[in-house]
Amino acid sequence: MDKQIDIKVVAHSRINNIPADEWDACAEGESAQGETCDPFTTHRFLLALENSGSISHEAGWIPHHLMVKENDKCIAVMPLYIKLNNLGEFNFDYVWAHEYEKLGRQYYPKLLSAVPFTPATGRRFLVKPKGQLIGTGALVKALKSLVINSSLSSANINFCTEEEAAKGKKYGLLHRLGLQYRWVNKGYNNFEEFLGDLSARKRKNIRRERRGLAEFGGKVHLLTGNDLQEKHWDAFWQFYQDTGSRKWGTPYLSRDFFSIAGETLSKEILLILCECNGRYIAGALNFIGKNALFGRYWGCSEYHDFLHFELCYYQAIEFAIANKLELVEAGAGGEHKLARGYLPFATHSLHWVSDAQFNRSLEYYFEQERLEYTNGINYLEQTGPFKKDTRND
């Protein structure tokens, strides 16, 4: 007689309501699909966001994390939020949000599976390998049920992996393509070896830009693990506030987040600070994954030519080479990254709107958008900074 399978999906209003070991057993190290692992979906990262007050009803992010149990054993989890606005998503849906509201419907609140304020590609269906079919299906079913039963407009899954996007399409979710830039390590032994793959003009420009640091007397500090201290976070907080205020009006993360992350995620953090005349004047925050370095935030109190490129791009590349990391993901936006050795790559998201007619219109919009991005990526790859004989290595 076949054993009866009991599947339950439970939503939790705080990540701390889910035991860290159960969450991380799904989130860490068990992917087995070869995807780049990152710290962003770990229990400790999401807990730092909530405990620091960076995530709240006031900020427009209401935690609604899902846990799937098979016969009382956790087989899958998903970071999930009821979203009251579009801040901190980096996957812009203004166009169809406007069209939805033109029909007299309310777009917010909506459902969103994502890492808040973090446009980094990674797994969103955090399913143990042996529970892939049951776990993924249960999560998709739960998302659709929540949208319908809670009067939400849609379910959205941002910056998921390409494999998850393919699976999501089989469950009736719409696939959207996006564009970011990443640096790829081709087994370089040092920065000069990387420069050797670039065209002569690009190589010359980067060397010129890197000389700027010495010209104004800047000194770079790479801090991780036990080297991170509160004085470093005090300095970086000022830089982060300045950038956040200029770019999106209000910084997303609270000061407490950096202190908490410095304690619980220190080994997964690379903080790059520039010192000049005895004080810190600029900084770039990165997170270290198993195979990749993820650039997150940058800011400065003094402007110097090319300092942004040095701290955010060139220092990141050197760290990746030294630590044999395969990739540097530099975050959202920025075609200027192309000239600095970063190449375009496709990002993926999944969407589902309960209104069938609107869902069909959205599918057509995504098809046109996908064609545009695919052509754009192909063009940028061919006109990129690398010598012709190294572009497709």
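- Separation of atoms CG (Leu273) and CH2 (Trp233) is listed at 8.5 Å; rounding is to 0.5 Å.
- A salt bridge links Asp355 to Arg105: one of the charged nitrogens lies within less than 4.0 Å of a carboxylate oxygen.
- For the atom pair OG (Ser354) and CG (Leu152), the distance works out to 9.0 Å, reported to the nearest 0.5 Å.
- Open room surrounds CD on Glu372; 12 or fewer heavy atoms of other groups in view lie less than 6.0 Å from it.
- One finds a salt bridge joining Arg44 and Glu28 here, because a Lys/Arg side-chain nitrogen approaches an Asp/Glu carboxylate oxygen to under 4.0 Å.
- Judged by distance alone, the side chain of Glu50 and the main-chain N or O of Pro63 form no donor-acceptor pair under 3.5 Å.
- Residues Leu343 and Phe345 are members of separate hydrophobic clusters, defined by side-chain heavy-atom contacts under 4.5 angstrom among Ile, Leu, Val, Met, Phe, Trp and Tyr.
- Taking the six-membered ring where tryptophan is involved, the planes of Phe92 and Tyr94 are essentially parallel, since the angle between them stays under 30° and well short of 60°.
- Between the CZ atom in Phe90 and the OG1 atom in Thr118 there is a gap of 7.5 Å [rounded to 0.5 Å].
- Looking only at side-chain heavy atoms (C-beta outward), Asn286 and Phe319 stay at 4.5 Å or farther from each other.
- Between the Arg124 side chain and the Thr41 main chain, no donor and acceptor come within less than 3.5 Å of each other.
- Checked by atom type and distance alone, the side chain of Asp24 pairs as donor or acceptor with a backbone atom of His43 at under 3.5 Å.
- The environment of CD in Glu335 is sparse: at most 12 heavy-atom neighbours from other residues, nucleotides or ligands sit within 6.0 Å.
- A donor-acceptor pair is defined here as one N or O able to donate and one able to accept, closer than 3.5 Å; such a pair exists between the side chain of Asn190 and the backbone of Glu193.
- Listed for the Tyr252 side chain is a donor-acceptor partner under 3.5 Å among the backbone atoms of Gly88.
- To the nearest 0.5 Å, atoms CG (Asp197) and OH (Tyr188) are separated by 3.5 Å.
- Using a 4.0 Å cut-off between a side-chain N of Lys or Arg and a carboxylate O of Asp or Glu, Lys128 and Glu22 do not qualify as a salt bridge.
- Separation of atoms OG1 (Thr161) and CD (Glu164) is listed at 3.5 Å; rounding is to 0.5 Å.
- Salt-bridge annotation for Arg255 and Asp234: present, with a side-chain N of the basic residue lying under 4.0 Å from a carboxylate O of the acidic one.
- By the 4.5 Å heavy-atom criterion applied to side chains, Asn91 and Asn156 are not counted as neighbours.
- Under the 4.0 Å criterion applied to side-chain N and carboxylate O atoms, Lys130 and Glu70 are not assigned as salt-bridge partners.
- Formation of a donor-acceptor pair under 3.5 Å by the Lys324 side chain with backbone atoms of Asn185 is not found in this model.
- Residues Val77 and Leu139 form no side-chain contact, since every pair of their non-hydrogen atoms from C-beta on lies 4.5 Å or further apart.
- Counting only heavy atoms from C-beta outward, the side chains of Ser153 and Tyr108 never approach each other to under 4.5 Å.
- Shown here is Asp21, whose CG atom has more than 12 heavy atoms of other residues, nucleotides or ligands within 6.0 Å.
- Across all their heavy atoms, Ser349 and Phe159 have their closest contact at CB-N, 4.2 Å.
- Within a 6.0 Å sphere centred on CG of Leu133, other residues, nucleotides and ligands contribute 12 heavy atoms or fewer.
- In the hydrophobic clustering of this structure, Ile134 groups with Val140; members are Ile, Leu, Val, Met, Phe, Trp, Tyr whose side-chain heavy atoms approach within less than 4.5 Å, directly or through other members.
- The shortest side-chain heavy-atom distance between Glu209 and Glu310 does not fall under the 4.5 Å cut-off.
- The side chain to side chain donor-acceptor pair (under 3.5 Å) contacts involving residues 211-221 comprise His221-Glu275, where partners must be two or more places apart or lie in separate chains.
- Side-chain N or O atoms of Thr224 include one that pairs as donor or acceptor with a backbone N or O of Ile269 at under 3.5 Å.
- Comment: Lys169 does not engage Glu363 in a salt bridge, judged by the lack of any side-chain N to carboxylate O separation of less than 4.0 angstrom.
- A parallel orientation is assigned to the rings of Tyr313 and Phe309, their planes being inclined by less than 30° (bins at 30° and 60°).
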Does the side-chain hydrogen bond (donor to acceptor under 3.5 Å, both in side chains) test come out yes or no for Arg14 and Asn51, once each step is laid out? CA-CA 10 Å; Arg14 284 185 56 80; Asn51 283 352; 2.9 Å; yes
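- A donor-acceptor contact shorter than 3.5 Å links the side chain of Asn71 to the backbone of Asp6.
- Asn323 places no side-chain N or O within 3.5 Å of a backbone atom of Leu325 that could act as its donor or acceptor partner.
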Please test Phe287 against Phe294 for ring-ring contact (aromatic ring centres under 6.0 Å, His included), starting from the C-alpha separation and ending with a verdict. CA-CA 5 Å; Phe287 283 85; Phe294 298 88; 8.6 Å; no
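- Classified by interplanar angle (parallel below 30°, tilted 30° to 60°, perpendicular above 60°), the ring pair Phe366/His351 is tilted.
- Between Leu307 and Ile281 the shortest side-chain heavy-atom distance falls below 4.5 Å.
- A salt bridge links Glu99 with Lys102: at least one charged nitrogen is closer than 4.0 Å to a carboxylate oxygen.
- The structure places NZ of Lys110 at 6.5 Å from NZ of Lys83, a figure rounded to the nearest 0.5 Å.
- With contacts defined as side-chain heavy-atom distances shorter than 4.5 Å, the pair His232/Gln229 qualifies.
- In this structure a side-chain-to-backbone donor-acceptor pair under 3.5 Å is missing from Ser113 to Ile157.
- Atom CG of Asn277 has 12 or fewer heavy atoms from other residues, nucleotides or ligands within 6.0 Å.
- When side chains are defined from C-beta on, Phe194 does not count as touching Tyr314, because their heavy atoms never get closer than 4.5 Å.
- Residue Phe216 places its CZ atom among more than 12 non-hydrogen atoms of other residues, nucleotides or ligands, all under 6.0 Å distant.
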